[in-house]
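Here the structure is laid out as structure tokens; the discussion comes afterwards.
Throughout, protein chains are lettered first and strands after them, A, B, ... in sequence-line order, and every chain is numbered starting at 1.
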There are 2 protein chains.
Amino acid sequence: MLKYQQIADEIEQYIEERGLQQGHKLPVLEEWIARFDASKSTLTKALELLERKGVIFQVRGSGIFVRRHKRKGYISLTSNQGFKKDLEGFKLSSKVLELDVRKPTREAASNLNLTVEDDVYYVKRVRYIYEQTLCLEESYFNKSIVTYLNREIVEESVFEYVKGGLGLKVGFSDQYMHVDKLNAEEAGHLGLQKGDPKFVMESIFYLTNGQPFDFSKVTYNYVQSQFFIQAGG
Amino acid sequence: MLKYQQIADEIEQYIEERGLQQGHKLPVLEEWIARFDASKSTLTKALELLERKGVIFQVRGSGIFVRRHKRKGYISLTSNQGFKKDLEGFKLSSKVLELDVRKPTREAASNLNLTVEDDVYYVKRVRYIYEQTLCLEESYFNKSIVTYLNREIVEESVFEYVKGGLGLKVGFSDQYMHVDKLNAEEAGHLGLQKGDPKFVMESIFYLTNGQPFDFSKVTYNYVQSQFFIQAGG
DNA sequence: CTAATAAATTATACCGGTACAATTATCAGA
DNA sequence: TCTGATAATTGTACCGGTATAATTTATTAG
């Protein structure tokens, strides 16, 4: 593990352990440097990471302070690896509706830089939180990258498998969101009424080398759709 | 202006000028260093900035590549200073419904670290894009920080005034989002029907020193609600 | 005691270096 | 032509240094 990540984790842990609140002043840079026996730039990098994560904010000439957000149960849109982490401690499950190899829709092909003749894994599932529907999810995976999938993998986390089992490295993602009204089929899956609001998130996930490997379209139950972002200056 | 920001701007301009597309390889680090007569770390910082902005991605051992997103007209959720920039070239306007000094609601007071006895500037406006309603916006400004506002300022950009006129420095923000159904009053302002979907974004803006100065609640017309995020690894 | 001024504190910008990891290009051997 | 080893390329981690900008604290003058 990288030193600056390790340090960032330990500083975050330091805050957690003590239950420090928004605005609480942390030890100064020099102290952290001594504590971790690292260089100034390494510590700066660790702190920058925490700043982007929304854990701290730094004020030149003044110090390093704790940053917190008050509301719980909101899904973070900046940590890109799904909502596993934000809804930790919440009872999540999922039901797989479909799983097969097929030709992509034109939309999916376009987003994955494929032709409609190429093969993709298609996954459709409903996710639940405390027995209530959270979202309906349709995913297309480029089969030449994600070479194998089965029901077991799909019931757990595909991302964990892609990183662990296949040894691929996830780089970045584009996420497009909009709001609309549910059609009859979607409403059925989510246990809502046709015409009710829906929040749709379309994501394209890329490997570190820039190849798109996953196009997903997630339709959220509007009752459970709570998101947050902690933006930096 | 900071050197690494200047460099970042110029690299972005380099990409724009040539109309480079996703995946196009840019000159290597060493070349940029020579071109700008700067140190490696300064260039690294500039490139890191562009990476976070979603303009490029870097692949170790390979090079620096252009990143683009295909869809236009989407509002970015990561650049925190309003949607002025994303909707550049779109015909925006706004109508001020209310503007006065008052006591905050309990919700606003809580988010601004005030009591319900403190004074706030309250602003309510409707924003339009191409003659269509974009959103209904209610803002509360801590009056001890934002000491003065008038109709003229509010019709343009309050943020520009806060930064320019008052010389304050905006640091970071928390943004909470959810989806629900419009009530009669909101529907009236947005020209929609009661019960139609709404996308609500509640934002708290902080100065660099961590003081919250603005709490805003924005209700978007669902037809115009298109957002995107370019997340990093 | 107050307000202006100076000094100390503290994070950030920028420099330039070594070592290393990931990728891509080259080359030898079959 | 392919495969596997080797070398070159290229971005990233980490070091430690000087200078500077913003803030806080201490000092001084009235």
Distance-only criterion, 3.5 Å: show the donor-acceptor pairs between side-chain atoms of residues 140-149 of chain A and protein atoms not counting sequence neighbours.
{"residue": "N142(A)", "atom": "OD1", "partner": "S144(A)", "partner atom": "N", "Å": "2.9"}
{"residue": "N142(A)", "atom": "OD1", "partner": "S144(A)", "partner atom": "OG", "Å": "2.8"}
{"residue": "Y148(A)", "atom": "OH", "partner": "N150(A)", "partner atom": "ND2", "Å": "3.3"}

**Report entry** Those residues of residues 26-47 of chain B lying under 4.0 Å from DNA chain C by at least one heavy atom
**Finding:**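 Contacts with DNA chain C under 4.0 Å: A38(B), S39(B), K40(B), S41(B), T42(B), K45(B).
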Query raised in the report: So how far is it from R67(A) CZ to K53(A) NZ, rounded to the nearest 0.5 Å?
Result: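 Atom-to-atom, R67(A):CZ and K53(A):NZ are 13.0 Å apart.
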**Report entry** Between Y220(A) and F227(A), ring centroids under 6.0 Å
**Finding:**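 Yes.
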Could you give the side-chain donor-acceptor pairs of residues 206-213 of chain B under 3.5 Å, partners two or more places apart or in another chain?
{"residue": "Y206(B)", "atom": "OH", "partner": "D174(B)", "partner atom": "OD2", "Å": "3.1"}
{"residue": "N209(B)", "atom": "OD1", "partner": "Q211(B)", "partner atom": "N", "Å": "3.1"}

Quick one: which protein N/O atoms are closer than 3.5 Å to N/O atoms of nucleotides 3-6 of chain C? Pair and distance per line, please.
none

Query raised in the report: Mapping K169(B) and G63(B) onto DNA chain D by nearest heavy atom, which one lands closer to the 5' end?
Result: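 Residue closer to the 5' terminus by nearest nucleotide: G63(B).
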Query - Of T208(B) and S62(B), the one whose closest DNA chain D nucleotide lies more 5' - result: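 Result of the comparison: S62(B).
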**Report entry** Within-4.5 Å side-chain heavy-atom neighbours: I7(A) and W32(A)
**Finding:**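 Result no, sub-4.5 Å side-chain heavy-atom pair not found.
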Query raised in the report: Less than 4.5 Å apart, any side-chain heavy atom of H69(A) and any of Y176(B)?
Result: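 Yes; the side chains approach each other to less than 4.5 Å.
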d([atom1], [X]; [atom2], [N]) in whole Å:
X	N	atom1	atom2	answer
I64(B)	dT23(C)	CD1	P	16 Å
F57(A)	dT12(C)	CZ	P	12 Å
K25(B)	dT23(C)	NZ	P	13 Å
Q6(B)	dC14(C)	CD	P	11 Å

Query - Heavy-atom contact window of chain A on DNA chain D, given 5' to 3' at under 4.0 Å - result: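 Span of nucleotides near chain A: dA13(D) to dT24(D).
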Requested in this report: For Y121(A), check ring-ring contact (aromatic ring centres under 6.0 Å, His included) against everything at least two apart and list the hits.
Outcome: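 Applying ring-ring contact (aromatic ring centres under 6.0 Å, His included) to Y121(A) gives none.
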